[in-house]
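Just follow the structure's listing: the first ligand is 1, and inside any ligand the first atom is 1. Position 1 is the first residue of the sequence; numbering continues from there. Every heavy atom of this structure was used, including side-chain atoms; hydrogens, water molecules and symmetry mates were not.
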Amino acid sequence: DAKSHGRNSLRFFSLAIREALSQRVSLARDLRTAVENGELRDYYQPIINLQSGLIVKAEALMRWQHPTRGLISPALFIPVAEETGDIMAMGHWIFQQAAQHALQWQAWMGDEFAISVNKSPVQFVEQLTKQYDCLEALRDMGLDGKRIVVEITEGLLLNPDPVVEQRLLQFRDRGIQVAIDDFGTGYSSLSYLNKFDIDYLKIDQSFTRNLNAGNQSYVLCEAIIVMAHKLGLKVIAEGVETALQRDLLLDIHCDYAQGFFYSPPVPADVFAQMLVQQSRQAVISPRKRVLKA
Ligand code: C2E
Ligand code: MG
Ligand code: MG
Ligand code: MG
């Protein structure tokens, strides 16, 4: 009957919650040693210039090679790392990896080349003096700041802390670029676009997924792109999975695309091979720049 059914589903529900909680607790415990045990992996997803069809940038995305659970998605462990504070050490680690690879790969790449690194809002509350270290590291490495893009979300700029503002100015001083990630899913207050020096808007994949000629997503994307271009920003469409989506994005003058249609995130050595292959193709036949999906 309905009553016992309700009790059963309630029991199921609380079991599910308990299960989720205990998973979170054990993830939190294991995360503490993930950096020092060398369990983190840096993956790179190509970002393509829509006009040329060439890989011109990449986004660094973190993975966790858990000793018993295998490769874990950041959607699972980043929120836990934000709560425990481990995101700080993890953020430093991936920043270093990305910067070192940018240094290696820039020789093969044109002037647009940069690697994006995601930063959670909590990574901005760190002591400014400590944050400065990663900028020092860039200088020690001899890497031009313009080879790094920091991806932040809209929420960070809505009611910005003075520390956040100062931090963004420091980035700017070093030539580091800034992108608004998942654009269109947050508050989409446009006032911050005026206030801060932003370089890129990344259109969220929920818009890209629903793109069809003339539909609502298409109109929204087009409006975002027109606005961005008038403000001097470039636009990256995330989650491009089909040739149709690519064609529609080209129609509305989107600058860059990123998604499974081109490539999923891959380990650094695989990404390097894609760059080698691309530069060979360019030598053999400059007009036939077709990327293998
Ligand atoms: P994000 O920064 O918006 O990254 C894009 C996500 O979309 C990535 O998921 C990527 O694998 C996925 N993606 C790319 N192309 C496609 C596509 O065509 N279709 C679909 N369905 N998905 C696609 P991922 O790697 O699982 O990362 C999830 C989120 O975790 C990221 O979203 C970012 O917010 C966060 N994250 C990842 N790495 C880091 C990091 O190093 N630091 C911080 N703070 N956050 C990170
Ligand atoms: Mg991102
Ligand atoms: Mg995104
Ligand atoms: Mg995101």
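Residue Leu156 is tested with Val164, Ile180, Asp181 for a side-chain contact (heavy atoms from CB on, under 4.5 Å); the sole match is Val164.
Of the options Phe260, Phe77, Tyr262, Trp64, the smallest heavy-atom separation from atom 23 (C) of ligand 1 is shown by Phe260. Checking Ser206, Pro264, Pro74 against atom 24 (P) of ligand 1, the nearest heavy atom belongs to Pro74.
A donor atom on one side chain and an acceptor atom on the other are found under 3.5 Å apart for Thr84 and Asp86. A donor-acceptor contact under 3.5 angstrom links the side chains of Glu112 and Tyr256, judged on distance only.
Interface of Gln123 with ligand 1, defined as ligand atoms under 4.0 Å from a residue heavy atom, comprises 44 (N). Atoms of ligand 1 found under 4.0 Å from any heavy atom of Asp181, numbered from 1 in the order shown, are 1 (P), 2 (O), 3 (O). The ligand atoms of ligand 1 that sit less than 4.0 angstrom from a heavy atom of Val240 are 18 (O). The Ile94 neighbourhood of ligand 1 comprises atoms 41 (O), with distances under 4.0 Å to a heavy atom of that residue.
Side-chain N or O atoms of Gln245 include one that pairs as donor or acceptor with a backbone N or O of Thr242 at under 3.5 Å.
We find that Asp111 and Lys146 are joined by a salt bridge, their nearest charged nitrogen and carboxylate oxygen being less than 4.0 Å apart. Salt bridge absent: Glu241 and Arg209 never bring a charged side-chain N and a carboxylate O closer than 4.0 Å.
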* **Derivation of the side chain to side chain contact (heavy atoms under 4.5 Å, CB included) call for Ile115 and Arg147** => CA-CA 6 Å; Ile115 299 185; Arg147 298 295 179 217; over 6 Å; no

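Put simply, the side chain of Asn118 does not reach to within 4.5 Å of the side chain of Met62, judged on heavy atoms. Side-chain contact between Leu138 and Ile176 is present, with at least one heavy-atom pair separated by less than 4.5 Å.
Proximity of Lys202 to ligand 1 is not established, as no heavy-atom distance is less than 4.0 Å. Glu82 does not count as a contact of ligand 1, since none of its heavy atoms falls under 4.0 Å from the ligand. Assignment of Arg63 to the shell around ligand 1 is supported, since a heavy atom sits closer than 4.0 Å. Using a 4.0 Å heavy-atom cutoff, Gly91 is absent from the residues neighbouring ligand 1.
Counted within 6.0 Å of NZ on Lys119, heavy atoms from surrounding residues, nucleotides or ligands total more than 12; the atom is thus considered enclosed. More than 12 heavy atoms of other residues, nucleotides or ligands sit less than 6.0 Å from atom CZ of Arg69.
Taking the N/O/S atoms of Asp182 in turn, the shortest distance to the Mg ion (ligand 3) belongs to OD1. Nearest N/O/S atom of Glu151 relative to the Mg ion (ligand 2): this is OE1. The closest approach of Glu59 to the Mg ion (ligand 2), by N/O/S atoms, is made by OE2. Within Glu238, the N, O or S atom at minimum distance from the Mg ion (ligand 3) carries the name OE2.
With rounding to the nearest 0.5 Å, the separation of NZ in Lys57 from CG in Asp255 is 9.5 Å. The line from NE2 of His66 to CD of Glu39 is 7.0 Å long, rounded to the nearest 0.5 Å.
Geometrically, ligand 1 and Met62 share a nitrogen or oxygen pair separated by less than 3.5 Å. Residue Gln45 has at least one nitrogen or oxygen atom sitting less than 3.5 Å from a nitrogen or oxygen atom of ligand 1, judged on distance alone. Residue Leu61 has no N or O atom closer than 3.5 Å to an N or O atom of ligand 1. Inclusion of Glu241 in the set of residues having an N or O under 3.5 Å from an N or O of ligand 1 is warranted.
Between Trp105 and Phe271, the gap from one ring centroid to the other is short of 6.0 Å.
Contact annotation for Asp182 and ligand 1: only side-chain heavy atoms (C-beta onward) come within less than 4.0 Å of the ligand. Contacts between Glu59 and ligand 1 below 4.0 angstrom, taking non-hydrogen atoms only, involve the side chain exclusively. Contacts between Asn118 and ligand 1 below 4.0 angstrom, taking non-hydrogen atoms only, involve backbone and side chain alike. Using a 4.0 Å cut-off between heavy atoms, Gln205 contacts ligand 1 through its side chain alone, with no backbone atom that close. Of the heavy atoms in Glu238, only side-chain atoms (C-beta onward) come closer than 4.0 Å to ligand 1. When non-hydrogen atoms are compared, ligand 1 lies under 4.0 Å from the side chain of Pro265 (C-beta onward) but not from its backbone.
Metal site remark for the Mg ion (ligand 2): Asp181 contributes an N, O or S atom at a distance under 2.8 Å. Not one N/O/S atom of Ser116, from backbone or side chain, sits under 2.8 Å from the Mg ion (ligand 2).
Under the 4.5 Å side-chain heavy-atom criterion for grouping Ile, Leu, Val, Met, Phe, Trp and Tyr, Leu61 is not connected to Trp93 through any hydrophobic cluster.
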